[in-house]
Amino acid sequence: MLCGCLSSKICFFISIFFSILIAYLIWEGNQNKFERIEEFEKESFLKLELINWKQKGFYFTLIEGEKIFVIDQNSTNLNSSETLVIIHGFPTSSFDFHLVLDKIIKDGFFKRIVLCDLLGYGLSDKPFNFSYSVFEFADHLQQLWNYLNINDAHILAHDMGDTVATELLSRRERGLLGTINFKSVTFTNGGMRIDLANFRITQILLRLPIIGKLISKFTGYTTFKQQIKTTIGNFNETQLNDYELELMWNAILYKNGNVMSFKKIKYIDERFKFADRWLGTLRRLKGLKCGCHLLWGEQDTVAPKEIANAIYYEEIKPNNTNIHIQLTFLKQLGHFAMLEDPQKWAIEFLNYFKKNC
């Protein structure tokens, strides 16, 4: 009898909790300061900075028929071995690198730089009926890089992009990339050792059945802003101002990308499922003759420095000799270090190549 009463009370409180949660999400969605959903499809919805970014690039049509946004800087240097390919993270886009792109170009080491927005992100198409798997993202990048005649390249990856990059390295190891070869990889602030990651509440809720769809549909800018700010320990406005966050959110909403968030979050489940495949590849980088730089915002609360230490000291360093490996911590910077202090980030990113290439 007592157990029955307790169970009834627990069920009651759970139902109240979810009722309040749903009501809050609907309320916050209604507070959304952006235009109606129909407006999200129009280029006029984009802020000026994103329109200017869009004008730098072009659209590449995938085999599946969808289009992804691409920027190919210095594309005349087709045969350059010093080509940099950049892979962004969740839930943002290649625009995360807009403050450091010119700094990298002006340095002169990289003769060609290629960025793209993965399908479902940024300025790319955002189909609802797509799996948003790491493996399919890797397929798309292979298609793009083959089209652009990229053979030798250095990878720069962030967040979820770290895992996409690792899958591409795994394919290189298995001889599945054709003529595409990687000279180095720079991993930045990603949950590559998923057992050490600290999930935001939205990441947890997005992975739940039904609740994930509601979170995707109704979460507004207020929650997004709060969640991003919590990725930077000791956060202050000088590191990542509100307008930069508004630009992130604008790119997410464009083409209604927010409603797919519960699908796009599946990369976390894949990190658990395929940990042996991807960590195993990192232990065998010397076989690929691929250098590795871990460039980490030390104050990151989502992908904390313990992940960088574990990847470097437990996975890469003990198993790889005769390749250039390096671990660099960026003090007082967090998850989006390239936006928080572009100058400092660019200097440390480029220093690896000045020392080792």
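The figures here come from the full heavy-atom set of this structure, side chains too, leaving out hydrogens, waters and symmetry mates. Remember, predicted model here, so these are calculated numbers, not experimental data.
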field: salt bridge (charged side-chain N to carboxylate O under 4.0 Å, His left out) involving Arg207 - partner list, sequence neighbours excluded
entry: Asp269

task: Taking all heavy atoms of Leu247 and all of Phe95, pick out the closest pair and write down the distance.
output: CD1-CE2, 3.8 Å

- request: May I ask you to say whether Lys54 pairs ionically with Glu43, meaning some side-chain N is under 4.0 Å from a carboxylate O?
  value: yes

query: Below 4.0 angstrom, N of the basic side chain to O of the carboxylate: do Lys331 and Asp341 qualify?
result: no

task: Salt-bridge test for Arg193 and Glu306: reply yes if a basic N is under 4.0 Å from a carboxylate O, no otherwise.
output: no

- prompt: Nearest heavy-atom pair of Leu119 and Asp125: which atoms, and what distance?
  reply: CD1-O, 3.4 Å

- prompt: Is Glu167 salt-bridged to Arg171, going by a charged N under 4.0 Å from an acidic O?
  reply: yes

- prompt: So with a 6.0 Å cut-off around CG of Asp276, is the heavy-atom count from everything else above 12?
  reply: no

query: How many angstroms lie between atom CZ of Phe182 and atom NE2 of His154, to the nearest 0.5 angstrom?
result: 11.5 Å

query: Is it true that atom NZ of Lys263 has more than 12 heavy atoms of other residues, nucleotides or ligands lying nearer than 6.0 Å?
result: yes

- request: Before accepting this row, confirm whether a basic side-chain N of the pair Glu41/Lys255 lies closer than 4.0 Å to the acidic partner's carboxylate O.
  value: no

- request: Please report the shortest heavy-atom distance between Ser216 and Leu206, naming the atom on each side.
  value: OG-CD2, 3.3 Å

- prompt: Between Thr328 and His293, does a side chain to side chain donor-acceptor pair (under 3.5 Å) hold up when you go through it step by step?
  reply: CA-CA 8 Å; Thr328 304; His293 185 198; 2.8 Å; yes

query: Looking only at atom types and distance, does a side-chain atom of Lys317 sit under 3.5 Å from a main-chain N or O of Glu314, one as donor and one as acceptor?
result: no

Residues Arg112, Asp72: salt bridge by 4.0 Å N-O rule: yes

message: Quick test of your reading of the model: are Lys225 and Glu246 salt-bridged, counting only N-O distances below 4.0 Å?
response: no

task: Before giving the answer on side chain to side chain contact (heavy atoms under 4.5 Å, CB included), spell out for Met160 and Leu118 the whole-Å C-alpha distance, their side-chain angles and the decisive distance to 0.1 Å.
output: CA-CA 11 Å; Met160 177 190 71; Leu118 298 171; 3.6 Å; yes

task: Scan Thr301, Thr231, Asp300 and name whichever one has a side-chain hydrogen bond (donor to acceptor under 3.5 Å, both in side chains) with His335.
output: Asp300

- prompt: Would you find more than 12 non-hydrogen atoms of other residues, nucleotides or ligands less than 6.0 Å from Lys266 atom NZ?
  reply: yes

